[in-house]
Amino acid sequence: MPRLLAAIALLSLCGGAVGLLSAQQGGPRQVSLVVTGGTVVTVDGTHRVIPRGAVAVDGAEIVAVDAADAIGRQFKGSETIDATGQIVMPGLVNTHTHAPMVLYRGLADDLPLMEWLNKYIFPAEAKTVSPEFVRAGTRLAALEMIESGTTTFADMYYFEEEVAKETRTAGLRAVLGQTIIQFPVADAKTPADGLARADAFIKAFKDDPLITPAVAPHAMYTLDGPTLKAARDLSRLHNVPTLIHLAETIDETKVAQERSSTSPTMYLDSLGFWGPGVLAAHGIWVSKDDIAILHQRGVGVSHNPESNMKLSSGTAPVTAYLRAGVSLGLGTDGAASNNDLDMFEAMRVASFLQKLQTFDPRAVGAATAVDMATMGGARALGMERHIGSLERGKRADLIIVDMSSARQTPMYDPLSALVYTTRGSDVRTTIVNGKVLMRDRQVLTLDRAAVLAEARGWVEKVRAAVK
Ligand SMILES: [Zn+2]
């Protein structure tokens with residue numbers, strides 16, 4: 001007995017020894033999934049990169065991120081994925097797109113914005129957008145996003161309940177905004193119809209684990225003041241996000257000048273529009289004062305460099321936004337103006353464009369670009385407590401990126417490799433909410449051949465619509 005008491009006393013003095021003893025007695029904790037052996041880029045508060053790291057996932061949640069040996073001692077996965085030689089990172093957050101528009105990819109390029117919209121996009125949408133079109137487009141967009149490492153996207157389109165159902169089936173996470181616009185569109189004859197639709201959509205998807213319903217008033221130049229206010233009131237009533245295009249073109253600034261002798265940002269501020277939970281896409285034509293207002297009101301901004309370049313819209317003042325402390329995410333915009341949903345390309349172009357614009361090669365370095373595509377996007381969408389980094393307690397949204405191509409060899413710095421040489425097609429495995437959506441390039445939630453065949457089936461109908 002005295003020997004036992006002495007042993008207990010000794011153990012109680014050495015917490016570490018007790019921990020070791022209990023781990024040995026109970027064995028490692030059983031969890032659903034362990035991803036091990038890869039370079040783990042956490043994007044956590046200290047920007048920790050773990051050379052031979054591992055992530056333990058249980059159900060939908062990350063339970064530990066550590067060195068592979070430490071995770072191996074503490075956890076045993078029902079499934080284990082060996083990520084040796086690869087990078088494990090948070091899934092990418094695309095803060096602005098119109099997913100079904102992938103069906104208009106390459107329909108009309110190299111045109112000025114108004115001609116592109118009025119001669120091609122709006123007529124094509126008037127004749128082809130339907131629940132069936134939206135479902136086929138969302139499936140194709142979801143396939144492309146899963147294959148290129150996007151795990152969360154923010155969307156603004158029509159028949160958003162169809163986008164939601166297809167997104168849920170594909171297994172992606174999304175903030176989905178039902179569009180409100182002044183003129184008659186496929187799913188609403190009037191803005192009031194659009195608002196009623198948004199209300200029903202929010203009620204139907206409010207508590208979904210993957211879908212965050214939202215209200216998407218299109219822009220200040222396509223809506224009058226009372227409708228902008230009504231759209232914002234609806235999102236406040238339900239406590240859901242608001243998505244809007246802001247200051248995308250110089251023409252929009254002229255509309256704001258004519259309407260209220262001020263900028264688009266200040267006009268919307270005068271309506272009481274801004275606040276936390278609002279995401280403004282583009283934000284190109286903004287003054288210092290506009291940026292200060294967006295920061296003060298807690299608005300998130302989505303930067304879409306490829307779309308802005310392709311449509312010659314202008315260059316968003318990314319460096320100024322970051323300096324001001326605005327939550328800034330990256331987006332691709334719809335595929336009709338990009339023409340793909342590859343967020344790796346968006347990172348690289350965001351970095352290059354800002355360097356060119358500011359004549360400063362230090363602008364938007366690799367670490368900043370990765371941050372914008374992950375935590376920055378999560379913050380801009382108000383989801384930073386749940387996604388955007390690999391940390392204990394967050395949702396298990398992560399991707400595994402192959403680093404073995406000639407293009408990526410040799411690798412001195414994982415962040416440099418991710419931004420300057422990696423492409424979406426280098427992503428091997430995509431996991432959302434703890435569920436593997438793609439393993440070793442095999443998408444598990446969608447029938448790839450059927451999705452592609454269905455999309456090709458729309459070509460003649462779309463072509464006929466713009467003849
Ligand atoms: Zn857009």
Side-chain angles (χ1 to χ4, degrees), residues 93-105 107-109 111-118 120-122 124-125 129 134 137-138 141 144-145 150 152-160 163 174-183 185-187 194 214-223 228 231 241-253 255 264-265 268 278-286 299-316 328-343 345-346 349-350 377 380-381:
V93 179
N94 185 346
T95 51
H96 181 63
T97 193
H98 313 281
M101 289 186 85
V102 288
L103 293 180
Y104 301 137
R105 193 196 316 267
L107 170 68
D109 303 305
L111 292 167
L113 177 74
M114 289 330 281
E115 192 184 341
W116 176 74
L117 276 178
N118 291 326
Y120 293 92
I121 299 304
F122 289 153
E125 285 184 333
V129 171
V134 165
T138 305
E144 187 183 351
M145 288 191 271
T150 293
T152 295
F153 68 103
D155 193 69
M156 301 169 72
Y157 212 58
Y158 310 106
F159 298 107
E160 208 62 40
V163 177
V175 178
L176 303 178
Q178 169 64 37
T179 291
I180 316 291
I181 199 159
Q182 209 74 36
F183 54 81
V185 285
D187 67 352
V215 186
H218 178 268
M220 64 74 56
Y221 68 96
T222 47
L223 287 163
L228 284 162
T242 306
L243 312 174
I244 189 168
H245 293 98
L246 173 73
E248 180 177 2
T249 64
I250 204 152
D251 285 338
E252 186 176 334
T253 65
V255 174
T265 305
L268 286 162
V278 183
L279 181 99
H282 303 301
I284 296 169
W285 298 95
V286 289
V299 176
V301 173
S302 170
H303 174 44
N304 297 258
E306 295 168 87
S307 168
N308 299 161
M309 289 166 75
K310 188 158 185 277
L311 296 171
S312 302
S313 305
T315 307
L328 192 68
L330 269 185
T332 57
D333 207 348
S337 63
N338 183 303
N339 291 359
D340 62 38
L341 305 178
D342 185 343
M343 285 288 291
E345 198 176 272
V349 173
L381 291 168

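All ligand and atom numbering here is 1-based and tracks the order in the structure.
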Of all N/O/S atoms in His96, the name of the one nearest the Zn ion (ligand 1):
NE2

Shortest non-hydrogen separation from Thr152 to Leu381 and the atoms involved:
CG2-CD1, 4.4 Å

Nearest heavy-atom contact between Val299 and Val278 is CG1-O, 3.5 Å

Main-chain N/O of Ser313 paired to Trp285 side chain as donor or acceptor, under 3.5 Å
yes

Given 3.5 Å as the limit, does a donor-acceptor pair link the side chain of Glu252 with the main chain of Glu248, or not?
yes

So, 2.8 Å as the limit: is an N/O/S atom of Asp333 located closer than that to the Zn ion (ligand 1)?
yes

Taking both backbone and side-chain atoms into account, decide whether His98 has an N/O/S atom under 2.8 Å from the Zn ion (ligand 1).
yes

